[in-house]
Amino acid sequence: MEQDSQLTRLGLFDARVPRYTSYPTAPHFSSEVGASHFEQWIEAIPAGASISLYMHVPFCRRLCWFCACRTQGTQSDDPVRAYSETLLAELKMLKKRLAPGVTLSRLHWGGGTPTLMPADMMRRVAGAVFEAVPMGEGAEFSVEIDPNEIDDARMDALAESGLNRASIGVQDFDPQIQEVIGRDQSYEVTKKAVDMIRERGVQSLNADILYGLPYQDNRRISESVQKLLSLSPDRVALYGYAHVPWMARRQTLIPSDHLPTPQERLELFDTARKLFVADGYDEIGIDHFALPTDGLATAQKAGKLRRNFQGYTDDLAEALVGMGASSISRFPQGYTQNNPSTGAHTGAIRQGQFSTSKGHVFSEDDKMRSRLIEALMCDFAVRTDELVRDFGADPVELAQMFTSCADAFEDCVRVTADGLEIPEKGRPLTRMIARHFDAYDLSKAGHSSAI
């Protein structure tokens with residue numbers, strides 16, 4: 001009760017803050033960055049380097065009401081096939097600009113619903129990816145799989161193309177909650193998909209589950225978590241539902257008067273967290289859990305955990321290249337984002353041009369603050385010597401910044417001889433603490449609840 005009172009006083013239950021999967025965050029991207037930047041930064045990737053590649057498929061058979069991702073509904077395969085042809089052309093353009101010997105450390109297909117692609121098209125697209133950028137040693141190929149939109153032919157195509165990590169969205173297994181969020185996906189359908197994945201030798205499994213949904217209570221989230229645990233995922237993302245109907249119109253269908261209060265959201269998170277920990281999962285950052293044998297857990301123990309647009313990662317590649325409409329790339333020089341309109345993106349590719357519509361060029365201060373925020377989000381601590389060594393930060397200025405933060409967050413932040421750390425009691429405030437080091441205008445729309 002005392003801690004809840006302190007969290008209330010510090011603004012946890014009222015704040016809207018970024019998720020900090022990037023810094024600066026996407027609302028600060030500018031149209032001054034365009035396709036020429038993307039091409040130059042691709043061509044600057046050194047020969048023999050290792051990169052990550054994200055491929056966005058912005059189609060769904062049905063649009064889930066809770067989702068704020070850039071997707072469009074289709075009942076026909078025709079738009080998906082046409083878009084896949086665009087991806088093939090885009091990959092050829094990428095290949096022409098990459099230096100020799102560049103390989104993949106991570107390949108992720110997201111969406112939308114990548115498994116809407118017919119099996120033959122999956123094989124063609126995967127083949128084009130590996131022709132452009134071969135898989136490196138120990139590389140991961142992961143795909144977001146909709147249990148409602150997968151069959152033997154498509155699962156075979158993915159497995160034969162080298163899939164070695166699958167990701168499934170669960171959200172919640174309760175039938176009433178599924179109905180009000182527009183996501184009909186029974187436990188039985190989900191288990192069948194997991195069985196299909198593992199029968200083909202794909203042993204690594206990610207799962208997403210949400211807290212903060214309408215009608216959720218401790219009993220219901222406990223039942224959903226226990227059902228998920230019976231599927232033995234290797235890692236789990238426990239995301240807070242972000243109710244942003246001003247950004248995603250479909251969320252106006254969500255009964256907002258039945259959403260849990262911020263205090264109830266925190267209790268739902270803690271209920272689920274305790275169940276994962278009791279089942280042997282390591283806590284990873286603010287919202288992930290992983291078996292001790294999983295790469296995330298290993299990276300955390302080694303101090304090599306990182307954060308990108310998919311959340312927490314053990315990928316250390318310096319460049320993340322995004323293919324497809326709305327995809328975001330991260331380079332050492334800055335961010336680029338493709339045009340979010342499928343039509344505009346396709347039109348640019350047909351003309352032999354990348355569709356980059358906005359982005360951001362890093363300043364030296366951006367680079368330092370990006371690493372500072374990432375360290376807080378990953379390790380709940382930041383070291384002064386690292387920021388001085390890698391970014392030329394002024395230790396006196398850092399000390400002043402850390403002291404200011406500690407003053408703002410009382411004993412939920414601690415200044416140490418090494419730098420700054422967030423003790424366990426302050427970890428619900430992690431995103432707010434990270435925001436303290438954000439140098440940009442924080443009035444931009446789209447930020448979600450701090451919990």
Side-chain angles (χ1 to χ4, degrees), residues 18-19 21-46 49-59 68-72 79 82-99 102 104-112 114 125 128-129 131-133 247 307-310 315 317-363 366-367 370 440 444-446:
R19 293 188 185 274
T21 53
S22 71
Y23 180 83
T25 56
H28 300 290
F29 291 0
S30 165
S31 59
E32 294 178 3
V33 173
S36 62
H37 292 83
F38 180 83
E39 291 191 31
Q40 291 168 15
W41 295 347
I42 286 289
E43 292 170 353
I45 294 172
S50 179
I51 68 170
S52 298
L53 191 146
Y54 171 76
M55 193 175 70
H56 189 65
V57 181
F59 296 95
C69 296
R70 290 192 178 276
T71 61
Q72 57 197 80
Y83 180 80
S84 299
E85 294 290 347
T86 300
L87 287 174
L88 295 175
E90 191 176 7
L91 287 163
K92 285 183 179 179
M93 292 165 59
L94 173 67
K95 180 183 177 181
K96 288 180 181 178
R97 290 162 176 81
L98 281 173
V102 174
L104 283 175
S105 63
R106 299 289 185 276
L107 168 63
H108 184 73
W109 293 6
V125 171
V129 170
E131 184 179 346
V133 200
M247 290 180 59
R307 192 158 171 84
N308 65 17
F309 295 104
Q310 281 79 57
D315 180 29
E318 289 194 0
L320 166 64
V321 179
M323 297 277 100
S326 81
S327 287
I328 300 176
S329 301
R330 186 190 191 282
F331 300 96
Q333 300 91 336
Y335 295 114
T336 63
Q337 183 169 17
N338 293 345
N339 198 302
S341 164
T342 304
H345 173 75
T346 298
I349 300 301
R350 284 178 178 171
Q351 294 174 18
Q353 301 172 354
F354 291 109
S355 79
T356 309
S357 60
K358 56 184 176 179
H360 181 84
V361 178
F362 292 144
S363 68
D366 288 336
K367 294 176 184 178
S370 177
Y440 287 85
K444 298 284 187 179

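Along the sequence shown, residues are numbered consecutively beginning with 1. Heavy-atom basis, side chains included; hydrogens, waters and symmetry copies ignored.
Separating the OH atom in Tyr23 from the NZ atom in Lys367 is a distance of 14.0 Å, to the nearest 0.5 Å. Rounding to the nearest 0.5 Å gives a distance of 11.0 Å between CD of Glu85 and OG1 of Thr346. Here the straight-line distance linking atom CD of Gln40 with atom NE2 of His37 works out to 6.5 Å at 0.5 Å rounding. A distance of 6.5 Å separates CE of Met323 from CG of Leu91, quoted to the nearest 0.5 Å. Rounding to the nearest 0.5 Å places CZ of Phe354 at 10.0 Å from OG1 of Thr336. Atom CZ in Arg307 sits 11.5 Å away from atom OG in Ser370 (nearest 0.5 Å).
Nearest heavy-atom pair across Val33 and Thr356 is O-CG2, 4.2 Å. When all heavy atoms of Ala128 and Leu88 are compared, the closest pair comes out as CB-CD2, 3.5 Å. Smallest separation of non-hydrogen atoms from Trp41 and His360: CH2-O, 3.9 Å. Considering all non-hydrogen atoms of both residues, Ala44 and Gln333 come closest at CB-NE2, 3.6 Å. Contact between Glu90 and Gly322 at its shortest, heavy atoms only, is OE2-O, 4.4 Å. Looking at every heavy atom in both residues, Ser50 comes nearest to Ser105 through OG-CB, 3.2 Å.
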Decide yes or no on side-chain contact (heavy atoms from CB on, under 4.5 Å) for Val321 and Phe331, but give the supporting numbers first.
CA-CA 8 Å; Val321 179; Phe331 300 96; 4.2 Å; yes
Please evaluate residues Leu320 and Asp315 with respect to the criterion side-chain contact (heavy atoms from CB on, under 4.5 Å), reporting the C-alpha separation (whole Å), side-chain torsions for both, the decisive distance (0.1 Å), and the verdict.
CA-CA 10 Å; Leu320 166 64; Asp315 180 29; 5.8 Å; no
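Here the options are Ser329, Pro24, Ser30, the test is side chain to side chain contact (heavy atoms under 4.5 Å, CB included), and the partner is Tyr335; only Pro24 passes.
In this structure, a donor-acceptor pair under 3.5 Å is absent between the side chains of Asn338 and His56.
Residues forming a side-chain hydrogen bond (donor to acceptor under 3.5 Å, both in side chains) with Thr21 (at least two apart in sequence, or on another chain): none. With sequence neighbours left out, the side-chain hydrogen bond (donor to acceptor under 3.5 Å, both in side chains) criterion links Glu318 to no other residue.
In terms of modelled atom types and a separation under 3.5 Å, the side chain of Ser355 and the main chain of Asn339 share a donor-acceptor contact. The backbone N or O of Arg106 sits nowhere less than 3.5 Å from a side-chain atom of Tyr54 that would complete a donor-acceptor pair. Counting only distance, with no hydrogens or angles, the side chain of Gln337 and the backbone of Ser326 share a donor-acceptor pair below 3.5 Å.
Using a 4.5 Å heavy-atom threshold, the side chains of Lys95 and Glu131 count as touching. Side-chain contact between Arg330 and Phe362 is present, with heavy atoms from C-beta onward closer than 4.5 Å.
The aromatic rings of Tyr83 and His345 are tilted relative to each other, their planes meeting at an angle between 30° and 60°.
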